[in-house]
Each structure stands twice: as structure tokens, then as C-alpha cells.
Amino acid sequence: MPELPEVETVRSGLDRLLPGLIVKSVTCQNPKSFSGSAADVKQFLTGAAVSKVNRRAKVLMIELSNQHTLVIHLKMTGQLVFQSTNVRFGAGHPNDSLVGQLPDKSTRVTLEFADGSRLFFNDQRKFGWIRLLPTAEVPGMAFIQKLGPEPLESQFTWQVLKDRLHRRLKTNIKAALLDQTVIAGVGNIYADESLWGAKIHPQTRVQQLSTPQIKALHDALVSVLRLSLQQGGSTDRNYVDAEGRKGSYLSFAKVFRREGQTCPRCGTTIVKIRVAGRGTHLCPHCQRLHIPRIVS
DNA sequence: CACTTGACCTGTCCGC
DNA sequence: TGCGGACAGGTCAAGT
């Protein structure tokens, strides 16, 4: 489930590998995974050089030298894996074991570059997509305009978090954290992990959060996302980076996918419940739900 | 408008 | 061993 740390890890890998490469051909194995007419591909993709790879929230943007951009969302199971005859990743590198393995049955789109290297868009569940657009139109895309702030940028203070949460006062904090218009890039893993860090029950109504709780949540969010980025993200099942490497954050996770194990803070058994339609992991002792009561 | 639920997909796991 | 169903979760459309 690529969330901000995973998508950022893919971005930085692609940004090291792709700039300067010239697109030679595009093969689309699943029509829904790629939107861009054959004429546009011929005119604006084939022959173009990659200039830079950007990210906003969970969306990747491969910018081309001809004022066009490939906008990519990996959704749940998307991967962008690069293979080259020229770039060597070193002995024992997982990319070596992929040589000859790709494309496989989950490959939806293949970009081939002039030097023979290839970028595979693999996506088991076909939820992800790639769109070819003029670069100038990217910021105007509806979902990009609605996105909340990037939580790892320095402008993201606890006051900003408090302000953004104001738009979802009546829902629970877990749903608010997953809402990309509140904060960009948080998904199920980091929502659960940061709520544990801040000792907040996921079903707490946003309106009921105190200022100290919002400060704690802000700190937890930032530190969890930073740690995950350091670890190359989380690999639950599918996720790999641009070179085919897995992320190791989940070995640092406190509650995510750890139901039945003990809370590292208090020893209580971690439980899994359903909140906002998502599997949600928490420590029932550290993260208690406060029921407001009427004072008479 | 605020908020919740279901659909989109495929692979895996669990119970029978 | 096979089969049906639940489950995994990012996002948007449709529902309350």
C-alpha cells in the first residue's frame, strides 16, 4: 500500500535513474492502466527525454523535456520497477533476480527507453493508473487541487494540522487522517502508527481532541513518516522501490498488523477493529475512547 | 454540505 | 484437494 514514504522512495529512485533517458516505445497490456491516445503517445511521449521525477501526496509525476508529464498513481498494488542493461546495482541486489522475470502477469504498462532500459508498471489489482498530460495542466487536476499540505514540509506545524482538521470536526480522527484533502499522503499504516504514538483512540471525534493531543498527533505523524522514509517505506506484500527493493519500516511498527501481540509501551494485547471501513490496530489501554458525559 | 458506504480488482487465506 | 467467501485498502461515485 504505497503511502507517502513508499511513493517518495520510488520517486527518489526514479529521479536518480531516469533523467536523460529517451522514451522509445510504450506497451500497454491493460487499457485501463494508461490513458493517453495513440496519437498523443506518438506525438508527446515517443522521443521525449525524462527531465525530472516529482511527487505530490501519493502521486508521482515523470516530467518530460517536451512540456508533458506522466502522472502516476500506484493505488494499492502498483510498482514502478526499473531495469537497465547499463546501470549495475551490485552483486546480490534484488534487481538482478528480476532480470528476465519482467514483464510478468501483473505488468500493465512497459516504457522502453532508447538505451534499452525499461520501466515496468506492475499492478496486481489494476487500481493504479498512468495519465499523459501537458505539464501545465497537472496542477489543475481536480484531485491535486484539493490535496492538503505535505506533512514532511517545514510549513506543516501543529497549528496547520489543527486548522486542517477543522473541516472534519464531526468525523473520527482516523477517517480525517485518511482524507487526502486534510493532509496529503497518509494511509492506513501511518494513520494507525501515529495514533498509537499520540495515544489517541482512532474513533475519537475530531471535535473532542484537545490541543495537547493535536500537538502529540502532529509530532507522531512527522516522526513516523520520517522513520519510514529512512527505512525505505513499508512492504506488506507488494511494495518495492524503483530498483525492486522492499522497505523495512514494518519491523519498527508498534501496532500495524500486530493484533494479538503486546503493546511495546504497556504490554496490553493489541486489538484490531474496523474504523472508517478500514482494519484499524490499536492498544486498548494506551488509546482509550473518552465518552463525553453530561456534567450536572 | 458533511459524512458513510460500495465499487473498482486480484491474490491469499480460512473454514468446510 | 477444492470451493466459497472474507479480506486486503486508495480513491471516487453514489448514497444517507
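These figures come from a predicted structure and were not determined experimentally. Per chain, numbering begins at 1; letters A, B, ... match sequence-line order.
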Steps toward side chain to side chain donor-acceptor pair (under 3.5 Å) verdict (Ser248(A), Gln231(A)): CA-CA 5 Å; Ser248(A) 51; Gln231(A) 296 301 320; 2.9 Å; yes
Lys126(A)/Lys32(A) under side chain to side chain contact (heavy atoms under 4.5 Å, CB included): CA gap, chis, key distance, verdict: CA-CA 8 Å; Lys126(A) 298 183 180 175; Lys32(A) 283 190 161 179; over 6 Å; no
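- Within the structure, a side-chain polar atom (N or O) of Thr171(A) is placed less than 4.0 Å from OP1 or OP2 of dT4(B).
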Report, as a single string ordered 5' to 3', how protein heavy atoms within less than 4.0 Å touch nucleotides 9-16 of chain C: B base, S sugar-phosphate only, - not at all. BBBS----
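- Spacing between atom CZ of Phe121(A) and atom P of dC9(B) amounts to 14 Å, rounded to whole angstrom units.
- Comparing dT12(B) with dT11(C), their P atoms sit 24 Å apart, to the nearest whole Å.
- If you check the side chains of Ser51(A) and Ser65(A), you find no donor sitting under 3.5 Å from an acceptor.
- Spacing between atom CG of Asp123(A) and atom P of dC8(B) amounts to 16 Å, rounded to whole angstrom units.
- Rounded to whole angstrom, the span from the CD atom of Gln203(A) across to the P atom of dC3(B) amounts to 16 Å.
- One hydrophobic cluster, built from ILVMFWY side chains closer than 4.5 Å, cannot hold both Met76(A) and Trp129(A); they sit in different ones.
- Nucleotides dC14(B) and dG9(C) place their P atoms 16 Å apart, quoted to the nearest Å.
- Without hydrogens or angle criteria, Gln79(A) side chain to Asn238(A) main chain gives a donor-acceptor distance under 3.5 Å.
- Qualifying side chain to side chain donor-acceptor pair (under 3.5 Å) partners for Glu150(A), counting only residues two or more places apart in sequence or in other chains: Arg55(A), Arg56(A).
- Note on Lys126(A): a side-chain N or O is less than 4.0 Å away from OP1 or OP2 of dT10(B).
- Atom NZ in Lys105(A) sits roughly 8 Å away from atom C1' in dG11(B) (whole-Å rounding).
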Show your working on side chain to side chain contact (heavy atoms under 4.5 Å, CB included) between Lys146(A) and Gln180(A) and close with a plain yes or no. CA-CA 8 Å; Lys146(A) 287 190 286 183; Gln180(A) 301 298 294; over 6 Å; no
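- One can place NZ of Lys32(A) at 14 Å from P of dA7(B), the figure rounded to the nearest angstrom.
- Spacing between atom CG of Leu169(A) and atom C1' of dC3(B) amounts to 13 Å, rounded to whole angstrom units.
- When rounded to the nearest whole Å, the span between CG of Asp179(A) and C1' of dT5(B) equals 15 Å.
- No chain of hydrophobic side-chain contacts below 4.5 Å, direct or via other Ile, Leu, Val, Met, Phe, Trp or Tyr residues, connects Leu177(A) to Ile273(A).
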Could you go through Asn54(A) and Glu63(A), starting from their C-alpha distance and side-chain angles, then the distance that decides it, and tell me whether this counts as side chain to side chain donor-acceptor pair (under 3.5 Å)? CA-CA 7 Å; Asn54(A) 300 310; Glu63(A) 207 176 293; 2.8 Å; yes
Just the dot-bracket of DNA chain C, please: which string comes out with Watson-Crick or G-U pairs under 3.5 Å, [ ] for crossing, | for another strand? .|||||||.|||||||
